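Since we're looking at a predicted model, the values are computed, not measured. When reading the values below, keep in mind they use all heavy atoms of this one structure, side chains included, and skip hydrogens, waters and symmetry mates.
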Amino acid sequence: MAKDTTSINHEQFIDFLEEAEQMVFLSDGGQIAILSEGRVAHFSAISGEGCLIYSS
């Protein structure tokens with residue numbers, strides 16, 4: 001199963017929080033949102049950037 005990623009900004013990450021099935025809070029301030037359909041959204045507090053990871 002291939003994994004694809006898409007860059008997201010903070011506003012887009014916030015939108016994904018509404019559908020998060022589980023949240024993981026990282027010690028560096030980053031967050032990972034476990035979403036439906038095998039998707040994962042990550043936002044880095046250090047870089048201010050995020051990504052959406054999904055299976056294709």
Side chains of [X] and [Y] in contact at under 4.5 Å (non-hydrogen atoms):
| X | Y | result |
| --- | --- | --- |
| Y54 | T6 | yes |
| D15 | I8 | no |
| N9 | Q12 | yes |

If two hydrophobic side chains count as joined below 4.5 Å and joins carry through other members, does [X] share a cluster with [Y]?
| X | Y | value |
| --- | --- | --- |
| L52 | I14 | yes |
| M23 | I53 | no |
| I46 | F25 | no |

Within 6.0 Å of CD in E21, more than 12 heavy atoms from elsewhere
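Atom CD in E21 is packed in, count exceeds 12.
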Under the ring pair (Phe, Tyr, Trp, His ring centres under 6.0 Å) rule, collect the residues that match up with F13, sequence neighbours excluded.
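Here the qualifying residues are F43.
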Atom pair NE2/CG of H42 and L26 - distance to nearest 0.5 Å:
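It is 5.5 Å, given to the nearest 0.5 Å.
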Identify the heavy atoms of L35 and A20 that sit nearest to each other, and give their distance.
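Closest approach of L35 to A20: CD2-CA, 3.8 Å.
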Holding to side-chain contact (heavy atoms from CB on, under 4.5 Å), I want the full list of residues that pass it with I34, two or more places apart in sequence or in another chain.
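Only Q22, I32, V40 meet the side-chain contact (heavy atoms from CB on, under 4.5 Å) criterion with I34.
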side-chain contact (heavy atoms from CB on, under 4.5 Å) involving E49 - partner list, sequence neighbours excluded:
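Counting only residues at least two positions away or on another chain, E49 forms a side-chain contact (heavy atoms from CB on, under 4.5 Å) with S47.
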